[in-house]
Amino acid sequence: MATSLFDQNDDAERDAFLLRVSALVAPIAANAGAVVDEADLLEVARAVYAAFGDQDAIGGLTRAQLADACIGVCSESAFQSRFELFCKLGMLRPHFEKAHQQRYVFNPTSAAGLLVFERLSERGGVDELVTLLDRTRAALASGRASVNEIRNALLQARRMMTISADELLRMVVASPLSELIAERKHHRHAALMDDVFTLNEQVKDAFPALDPEAYRLVVETQRYVGAREQFVGRLLDEGAAARDFSLLDPEEYLEAARVASMNELAEVFANTVFDPPAPWLDPAVVAEGVAGFRPRAAIRRRPPRPADPPPGPDPMLRVEERAEAARTRRARAAELHLQGRAEVDLTSSLRAAGWPGLATILVELLAIHADSDLPYRVRMSDELLVEPDGPVTHLTPVTAYRLTGAAEQLTERAEETDRA
Amino acid sequence: MPEPGPLTLARMRAIGQIPFTAQVPAALHLQAADAGRRLVEAVIPGQLPMVMLGWWDGVEPVAGGDTGVERTKTSQVVLLTFAAVLGACWPDRSEHPFPGVAAEEDAVLAGVAALGPITASAIEGGAAGRRHSKGALRRLDDARLLSIDGSEVRLGPAIALWSEEQVAALRSVYDRLPRLEEPQ
């Protein structure tokens with residue numbers, strides 16, 4: 001465990017580096033054993049590269065000269081196996097100038113590969129993304145880029161952002177502190193958001209059709225920056241927490257839970273006394289319980305079931321009777337309004353009733369009108385009488401009339417259905 | 001059998017027992033002793049022998065009385081159901097109750113029912129009492145105080161851990177254990 005939050009931890013970093021290299025090569029590896037599993041073997045390649053770059057290597061170098069260059073770095077057998085591999089994969093190519101002495105030259109592509117691995121050990125995947133963004137911006141500025149190139153670049157950048165953000169969020173939740181510290185230096189791009197905004201503006205000017213893609217890139221970048229803040233937050237929380245020396249702090253528990261073997265974890269409570277819970281039934285308790293048991297004297301009995309009530313009046317009959325009574329009341333009220341005449345104008349009596357008396361009478365009249373079994377109807381005209389100072393400010397003239405004869409009732413019904 | 005590590009002890013404490021067909025390795029005895037536990041072999045007739053974790057004398061945590069430790073008292077139903085199982089499965093009072101004989105579950109439940117209503121809310125002639133006892137049987141099975149096999153009930157391996165002094169305390173109430181018929 002690092003003693004302070006920001007100490008370098010070399011072993012953990014070298015292991016992390018090899019994991020990164022494996023992940024880098026995964027898209028093209030033929031099998032799972034394709035990458036070296038010790039960082040020292042990479043030193044051999046570096047030593048060979050240095051030999052070619054430093055010594056006077058015009059015309060190539062012989063195998064013996066290369067072996068000399070690798071003396072301090074690895075054993076003879078290790079050099080032998082690496083040398084054969086380099087030749088097989090094309091990093092060292094034979095140079096046929098001199099017939100009797102086999103000489104080799106270094107492939108510039110492998111040199112580029114070494115530079116990439118150097119960069120990878122310093123900065124991680126997000127760096128590649130930043131390079132891509134820079135290249136895209138430069139291409140847009142110079143006017144050399146085509147629509148498809150820019151679209152492709154935006155798509156790649158957005159995917160990379162999404163993946164990086166998800167990785168950071170995963171680490172915030174699940175990784176122990178040592179992994180977080182090793183990962184920290186790969187996410188140090190302070191100007192990332194500004195770069196993306198600038199790129200967005202450039203794309204809008206040059207290729208307005210690509211605006212949606214550029215916008216999506218901005219959104220994903222914001223998500224990545226948010227994930228980065230959570231990541232740093234977790235590191236700072238750990239650093240700021242007060243340390244209680246009597247307990248392990250939560251990071252150590254998490255690391256132990258993820259990394260320790262089952263035996264180590266079982267060791268923790270090997271000397272502690274504990275048991276799963278069980279009912280307290282040792283013999284003394286049972287004996288006491290049995291001896292002290294007294295059967296209950298007062299016993300609850302189920303209450304007797306009540307007898308069924310005698311059959312009462314039919315409820316539906318009562319409903320019908322009530323409806324009939326209401327109708328009779330309404331008919332009497334209508335007769336009261338009509339005062340024996342066939343038709344009467346109720347406007348003035350409504351006005352005299354005031355408010356809310358008018359409302360009561362009107363509702364009653366409308367109920368009478370709505371009952372199609374009664375021979376009374378109400379007619380409201382289209383006029384509106386307005387009297388700001390009166391007892392009722394707005395009033396519609398209302399006439400009530402009696403339907404005489406079945407024929408008039410029938411025509412009434414026909415008119416109503418026509419209007420409906 | 002591979003050398004038992006601390007994992008074996010931890011597994012035993014979690015599950016409660018491990019079946020052992022060979023001799024128990026001395027290393028495991030030592031490990032158990034470190035935690036104050038003693039290994040006890042228990043054989044239920046009809047099943048493989050198993051090893052249970054008991055306590056060394058004087059180490060078992062005590063509760064109640066003037067020890068200052070409070071422990072939840074078991075409910076009356078569970079206690080009396082367990083007493084009924086003891087009554088049905090312990091034929092000879094002069095012997096240790098374990099392993100005893102097997103009894104029918106119905107006989108045990110009838111023994112409990114014969115005591116009358118146990119809880120304050122029990123209704124005479126109701127089915128709740130029987131259900132309560134059946135639930136108590138399951139709880140006792142989980143605690144390994146008894147073992148249920150189909151419709152038969154036997155005393156469980158935890159009884160094998162009782163010492164002679166403890167059994168003596170129980171012999172005094174042997175006649176009062178709930179039973180369906182009178183003991184001979």
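Residue numbers begin at 1 in each chain, while the letters A, B, ... track the order of the sequences. Side-chain atoms are counted along with the backbone in the values below, which use heavy atoms only and exclude waters and symmetry mates.
For Ser75(B), no part sits under 4.5 Å from any heavy atom of chain A, backbone or side chain. For Leu115(B), the parts lying near chain A are the backbone and the side chain together; criterion is any non-hydrogen pair under 4.5 Å. Arg171(B) does not touch chain A: none of its heavy atoms, backbone or side chain, sits under 4.5 Å away. If you measure heavy-atom distances from Leu80(B) to chain A, the contacts under 4.5 Å come from the side chain alone. Neither the backbone nor the side chain of Ile159(B) has a heavy atom closer than 4.5 Å to any heavy atom of chain A.
For the residue pair Ala287(A) and Ala169(B), the shortest heavy atom distance occurs at CB-O, 3.7 Å. Pairing each heavy atom of Val286(A) with each of Ala83(B), the nearest pair is CG1-CB, 4.5 Å.
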Practice task
For side chain to side chain contact (heavy atoms under 4.5 Å, CB included), just list the numbers for Leu281(A) and Leu140(B), CA-CA rounded to whole Å, side-chain angles, deciding distance to a tenth of an Å, and then say yes or no.
Solution key: CA-CA 10 Å; Leu281(A) 283 174; Leu140(B) 292 167; 3.4 Å; yes
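For Arg11(B), the CZ atom sits in a loose shell: 12 or fewer heavy atoms of surrounding residues, nucleotides or ligands are nearer than 6.0 Å. Heavy-atom neighbours of His187(A) NE2 from other residues, nucleotides or ligands within 6.0 Å: above the threshold of 12.
Contact annotation for residues 92-106 of chain B against chain A (heavy-atom separation below 4.5 Å): no residues qualify.
With sequence neighbours excluded, the residues satisfying salt bridge (charged side-chain N to carboxylate O under 4.0 Å, His left out) with Arg170(A) are Glu167(A).
Chosen from Gln166(B), Arg139(B), Lys73(B), Arg71(B), the residue pairing most often with chain A at heavy-atom distances under 4.5 Å is Arg71(B). Ranked by heavy-atom pairs under 4.5 Å with chain A, the first of Leu161(B), Leu170(B), Val78(B) is Leu170(B).
Distance CZ/Phe293(A) to CZ/Arg176(B): 10.0 Å, rounded to 0.5 Å.
With hydrogens and angles disregarded, no donor-acceptor distance shorter than 3.5 Å links the side chain of Thr74(B) to the backbone of Pro279(A).
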